[in-house]
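Sequence positions, counted from 1, serve as the residue numbers for this chain.
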Amino acid sequence: MRPSRSLLVRVALPLAAVLGFAAACGGAPTGGENDQAQPPPPTTTTSEPARTGTGAPGSTESEAAPSESDLPGGPPPSPERSDATESAVAEERCHTSELRAEVRPLNAAAGNRYADLVLTNTSGRTCSIYGYGGMELVDENGRAIATDLRRTNDPGPQLVQLAPNASAAKKLHWTVVPGEGDPEEEPCGPEPVSINVIPPDETDPLSASWTLGPVCDGGRIEGSAYFSM
């Protein structure tokens with residue numbers, strides 16, 4: 001026996017009311033086979049760019065500059081300079097024949113010795129000096145003594161204009177304490193009586209008296225560039 005049409009209507013209406021109430025309260029039917037899981041929202045990441053520079057952790061860079069030795073028997077390589085300086089030096093350079101050299105001792109301190117190597121313009125014109133120049137220790141027989149001349153930047157190269165009778169100087173520093181390879185007993189090496197001085201950018205030497213005793217540590221002398229006095 002089939003249910004009557006009126007009975008089916010009475011059953012369907014309460015069921016529809018139940019489903020509507022559930023939807024209004026936030027309920028949702030469970031997913032079936034055709035429901036697909038939604039992918040998670042994409043994740044955005046940012047990274048700080050790598051930092052580079054001297055002194056950074058892990059850096060292998062080094063600013064230490066290699067030491068340079070002047071050739072005692074000839075002029076050292078000229079330091080880098082501007083075109084204007086190059087032109088002034090070329091046109092007005094003080095030549096060896098126009099200069100007089102002199103060693104002026106300074107105060108000593110705990111095994112260290114200091115002096116100024118002075119060049120004076122003996123010509124009747126204004127000339128210029130720029131750079132380090134060369135120097136060589138000489139014994140009483142006129143023979144060269146081992147000389148290790150090292151550059152320092154205190155001060156560094158600067159263009160020095162010398163009027164007649166004006167002077168320029170370079171600082172000298174050495175030790176009287178025996179170094180590796182020196183005799184342990186005094187003196188630590190041959191005693192110089194003079195030096196050969198080569199002005200910057202020149203090839204001919206001039207002589208100056210040396211009365212300051214032996215230079216230890218293999219004849220090592222630190223010298224600045226020439227500066228105006």
Side-chain angles (χ1 to χ4, degrees), residues 68-108 113-174 190-215 219-229:
E68 298 178 13
S69 299
D70 291 344
L71 296 176
S78 297
E80 185 176 341
R81 51 201 182 195
S82 67
D83 292 342
T85 301
E86 190 78 41
S87 177
V89 170
E91 294 179 4
E92 304 174 4
R93 184 175 77 242
C94 297
H95 300 293
T96 300
S97 60
E98 300 174 304
L99 299 170
R100 180 180 70 248
E102 177 187 2
V103 178
R104 298 178 183 176
L106 302 174
N107 293 334
R113 298 292 183 268
Y114 303 89
D116 280 342
L117 173 54
V118 180
L119 295 180
T120 300
N121 180 9
T122 59
S123 74
R125 72 183 184 102
T126 297
C127 58
S128 62
I129 290 178
Y130 183 92
Y132 291 87
M135 195 189 88
E136 182 180 57
L137 301 168
V138 179
D139 68 12
E140 60 183 355
N141 297 315
R143 295 176 299 193
I145 298 174
T147 308
D148 184 10
L149 185 60
R150 303 292 184 96
R151 295 180 181 181
T152 66
N153 289 320
D154 182 24
Q158 55 189 283
L159 184 63
V160 180
Q161 298 281 354
L162 292 182
N165 298 317
S167 299
K170 68 181 296 172
K171 298 178 181 179
L172 302 180
H173 165 242
W174 68 98
E191 183 166 353
V193 298
S194 65
I195 57 173
N196 288 330
V197 180
I198 301 178
D201 296 305
E202 291 290 292
T203 57
D204 296 329
L206 65 156
S207 181
S209 177
W210 181 276
T211 59
L212 303 176
V215 177
R220 174 169 175 155
I221 302 177
E222 296 176 349
S224 72
Y226 282 94
F227 57 93
S228 179
M229 297 188 67

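The nearest pair of heavy atoms linking L206 to A101 is CD1-N, 3.4 Å. Across all non-hydrogen atoms, the minimal contact from K170 to G133 is NZ-O, 4.2 Å. Shortest non-hydrogen contact noted between V103 and A115 is CG1-CB, 3.9 Å. A pairwise comparison of heavy atoms in P214 and W174 identifies O-NE1, 4.0 Å as the closest pair. Residue Q161 comes nearest to T126 through the heavy atom pair OE1-CG2, 3.9 Å, listed as atom of the first residue, atom of the second, then distance. Here the closest heavy-atom approach between residue P192 and residue G213 is recorded as CD-O, 3.5 Å.
Within the 4.5 Å cutoff, the side chain of I195 has heavy atoms near those of the L117 side chain. Using a 4.5 Å heavy-atom cutoff, the side chains of M135 and L172 are in contact. By the 4.5 Å heavy-atom criterion applied to side chains, D154 and S224 are not counted as neighbours. Side-chain contact between T152 and K171 is absent, with no heavy-atom pair separated by less than 4.5 Å. Between R113 and L212, the closest side-chain pair of non-hydrogen atoms is not below 4.5 Å. Using a 4.5 Å heavy-atom threshold, the side chains of I145 and V215 count as separate. Within the 4.5 Å cutoff, the side chain of P205 has no heavy atoms near those of the V197 side chain. By the 4.5 Å heavy-atom criterion applied to side chains, L119 and C94 are not counted as neighbours.
Aromatic ring orientation, H173 versus Y114: parallel (interplanar angle below 30°, classes split at 30° and 60°).
Here OH of Y226 is found 10.5 Å from CG of D116. Values are rounded to the nearest 0.5 Å. For the atom pair T122 OG1 and L99 CG, the distance stands at 6.5 Å (nearest 0.5 Å). A distance of 13.5 Å separates OG1 of T147 from CZ of R220, quoted to the nearest 0.5 Å. To the nearest 0.5 Å, the span separating CG on L162 from CZ on R125 amounts to 10.0 Å. Going from atom CD1 of I198 over to atom CG of D204 covers 8.5 Å, rounded to the nearest 0.5 Å. Atom-to-atom distance recorded for Q158:CD and Y130:OH is 9.0 Å, nearest 0.5 angstrom.
Around CG of N141, the count of heavy atoms belonging to other residues, nucleotides or ligands within 6.0 Å exceeds 12.
Judged by distance alone, the side chain of N121 and the main-chain N or O of A163 form a donor-acceptor pair under 3.5 Å.
Under the 4.0 Å criterion applied to side-chain N and carboxylate O atoms, E102 and R100 are not assigned as salt-bridge partners.
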